[in-house]
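Report on the following structure.
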Amino acid sequence: MEQPDQVSNDPQAPRLVAGVDSSTQSCKVVVVDAATGEVVRTGRAAHPDGTSVDPARWWDAYLEATKDGLLDGVQAIAVGGQQHGMVALDESGEVIRDALLWNDTRSAQAARDLTDELGGVSAWVDAVGMSPLPSFTITKVRWLAEHEPDNAARVADVVLPHDWLTGQILKQGNGFERWVTDRSDASGTCYFDSVGNAYRSDLQRMALGREFGVPHVVGPHEVAGRTEAGLVVGPGAGDNAGAALGLGLQRGDVVVSLGTSGAVFADAAEPVRDERGLIASFASASGAHLPLMATLNAARVLTAAAQLLGTDLAGLDRLALAAEAGAGGLTLLPYLDGERSPNLPDATGTLGGLTRTNATPENLARAAVEGMLANLVAGVDDLRHLGLPVERVVLIGGASASAAVRAVAPGLFGVPVVVPAPGEYVGLGAARQAAWVLSGADEPPDWSVADEATLDPPKGDAAQGGAEVLARYATLRDTLHRR
């Protein structure tokens with residue numbers, strides 16, 4: 001599919017750019033006025049469910065999302081995408097097997113083995129700012145080497161989902177020259193040093209037994225390539241880095257994202273070093289750093305609780321809001337799909353404090369909301385302990401629309417919680433990068449972000465309820481860890 005080159009000759013017409021959010025669940029495309037950030041039009045298409053997928057389905061979704069002239073007049077585009085997924089390619093650039101996504105935990109043993117082989121978590125933090133978790137690409141490469149040696153022998157290159165989709169766009173009209181990526185997504189492989197800005201070939205050999213091809217890392221506002229029709233293609237970014245760019249984060253802002261997965265991150269001038277490996281020192285899409293804690297469990301905890309209670313998400317909200325803070329003593333560890341932070345890939349959900357008195361639908365609904373959020377409060381506290389200022393929490397993702405989440409969050413985070421106006425912030429971040437690349441400027445364009453709500457934390461005696469919830473949560477979590 002040739003990219004459109006129908007650029008308006010009207011000097012008053014806005015310059016248009018596009019941002020793509022190729023997430024676990026769908027492909028979303030926003031077309032934006034490059035000067036103001038105003039969204040002009042959008043497109044969307046679903047991705048298949050599962051933890052492994054044929055990358056061709058991502059391209060199908062992109063074509064569906066951009067049909068009917070969605071990209072007419074667009075001068076630049078960039079892709080934000082789900083991080084860590086392994087797309088293994090042979091010498092001809094063909095996909096060898098279905099891509100293993102970030103939420104595929106079959107590489108849990110490989111993560112443990114790799115951690116030990118380099119000398120433990122601290123050695124990995126020294127090397128690349130993080131330690132191997134089942135989510136990270138390096139563990140999936142090791143799993144491939146151990147479990148599918150014939151496929152491993154065919155590997156010429158390993159790219160990430162956003163790299164692969166960027167490549168498909170560049171291949172339209174023979175614009176493809178080589179696989180490209182950016183620092184933010186490369187830093188999520190666990191074999192790229194974002195401080196030294198270099199791949200670690202020794203860690204590649206540790207994973208596969210030999211080196212393999214990796215995408216060229218493009219600077220945050222450099223041109224990654226052009227299609228034959230002249231569409232400028234930016235380097236793109238990992239999804240959380242894209243969201244940070246789209247939100248225009250300031251010092252003191254910490255994002256809590258409640259999507260399929262949960263994430264806590266901030267745009268930081270300097271890298272962090274977390275000896276425990278819970279906060280990964282990723283790179284940002286701004287050219288700086290993005291310390292981040294991620295969880296496997298977020299919005300789907302609420303979906304599962306609603307299903308268990310025989311209701312929908314609106315019904316779950318009503319039940320949770322009808323319960324007192326603290327859910328009558330019920331505490332949920334929401335490790336429904338295992339967990340990434342803390343690193344417990346084989347864990348399951350645990351409900352603590354259940355009695356005949358508190359066994360009500362209202363309390364269970366409230367415990368689901370409090371448990372999901374408490375899991376992420378730990379990440380905010382970790383950033384604070386590493387020296388990052390936490391002046392407000394910026395709450396995004398599908399579950400941020402929940403009335404119960406909005407009611408509970410300020411009391412648990414203990415700082416003002418800002419909910420931006422609904423928007424596709426990964427796609428907007430990718431579009432902002434595209435506008436930055438197109439402009440040739442040193443800084444990205446200054447786009448305003450409207451806030452839908454600012455929620456202040458309770459004060460005085462009312463604040464004690466949140467502290468009690470977090471204390472019970474920590475006790476139950478620590479009990480599980482000891483086991």
Would you say the side-chain atoms of [X] pair up with the backbone N or O of [Y], donor to acceptor, closer than 3.5 Å?
X      : Y      : result
Glu222 : Gly219 : yes
Asp90  : Glu94  : yes
Glu339 : Pro345 : no
Lys140 : Leu101 : yes

Identify each donor-acceptor pair in which a side-chain atom of residues 302-316 lies under 3.5 Å from a protein atom, sequence neighbours left out, and give them as a table.
| unit_1 | atom_1 | unit_2 | atom_2 | d |
| --- | --- | --- | --- | --- |
| Asp312 | OD1 | Ala314 | N | 3.3 |
| Asp312 | OD1 | Gly315 | N | 2.7 |

Is any side-chain heavy atom of [X] less than 4.5 Å from a side-chain heavy atom of [Y]?
X      : Y      : result
Leu455 : Val419 : yes
Leu144 : Asn151 : yes
Pro161 : Gln82  : yes
Phe176 : Thr166 : no
Pro291 : Ser281 : no
Val31  : Thr42  : no
Arg300 : Leu336 : no
Arg44  : Glu424 : yes

Salt-bridge criterion met for [X] and [Y] (N-O under 4.0 Å):
X      : Y      : value
Glu362 : Arg366 : no
Asp54  : Arg57  : no
Asp193 : Arg200 : no

*Specify the closest pair of heavy atoms between Glu148 and Trp143, including all atoms of both residues, with the distance to one decimal.*
OE2-CH2, 3.4 Å
*Mind listing the closest non-hydrogen atom pair of Ala434 and Ala78 along with its distance?*
CB-N, 4.0 Å
Partner residues of [X] under the salt bridge (charged side-chain N to carboxylate O under 4.0 Å, His left out) criterion, sequence neighbours left out:
X      : value
Arg106 : Asp104
Glu452 : Arg406
Glu270 : none
Asp60  : none

*For Trp436, enumerate each residue passing the ring-ring contact (aromatic ring centres under 6.0 Å, His included) test, keeping only those at least two apart in sequence or located in another chain.*
His221
*Among all residues two or more places apart in sequence or in another chain, which pass the ring-ring contact (aromatic ring centres under 6.0 Å, His included) test with Phe192?*
Tyr199
Tell me which donor-acceptor pairs under 3.5 Å the side chains of residues 179-189 have, and how far apart each pair is, sequence neighbours excluded?
| unit_1 | atom_1 | unit_2 | atom_2 | d |
| --- | --- | --- | --- | --- |
| Thr181 | OG1 | Asp163 | OD1 | 2.7 |
| Asp182 | OD1 | Ser184 | OG | 3.1 |
| Asp182 | OD1 | Asp185 | N | 3.1 |
| Asp182 | OD2 | Ser184 | N | 3.1 |
| Asp182 | OD2 | Ser184 | OG | 2.6 |
| Arg183 | NE | Asn197 | OD1 | 2.7 |
| Arg183 | NH1 | Gly287 | O | 3.4 |
| Arg183 | NH1 | Ala288 | O | 3.1 |
| Arg183 | NH2 | Ser194 | O | 3.2 |
| Arg183 | NH2 | Ala288 | O | 3.2 |
| Ser184 | OG | Gly238 | N | 3.0 |
| Asp185 | OD2 | His162 | ND1 | 2.6 |
| Ser187 | OG | Arg183 | O | 3.3 |
| Ser187 | OG | Ser184 | O | 2.7 |
| Ser187 | OG | Ala283 | N | 3.1 |
| Thr189 | OG1 | Ala186 | O | 2.8 |
| Thr189 | OG1 | Tyr191 | N | 3.1 |

*asked:* Against Lys28, only a single residue in Val20, Asp21, Val426 fulfils side chain to side chain contact (heavy atoms under 4.5 Å, CB included); can you say which?
replied: Asp21
*List in chain and number order the residues that pass side-chain hydrogen bond (donor to acceptor under 3.5 Å, both in side chains) with Asp33, two or more places apart in sequence or in another chain; answer none if no residue qualifies.*
none
_Residues in side-chain hydrogen bond (donor to acceptor under 3.5 Å, both in side chains) contact with His84, at least two apart in sequence or another chain_ = Arg340
*asked:* Is it true that, when you exclude Asp49 itself, more than 12 heavy atoms of the residues, nucleotides or ligands shown sit nearer than 6.0 Å to its CG?
replied: no
*asked:* I'd like to know whether CZ of Arg384 has more than 12 heavy-atom contacts from other residues, nucleotides or ligands below 6.0 angstrom.
replied: yes
*What residue pairs, at least two apart or across chains, pass side-chain hydrogen bond (donor to acceptor under 3.5 Å, both in side chains) with a residue in residues 393-402?*
Asp317-Ser402
*asked:* Taking side-chain hydrogen bond (donor to acceptor under 3.5 Å, both in side chains) as the cut-off, I'd like each qualifying pair that reaches into residues 248-263, sequence neighbours left out, listed once.
replied: Gln25-Thr260, Asp253-Arg392
*asked:* Pairing donors with acceptors under 3.5 angstrom, does anything connect the side chains of Thr51 and Trp102?
replied: no
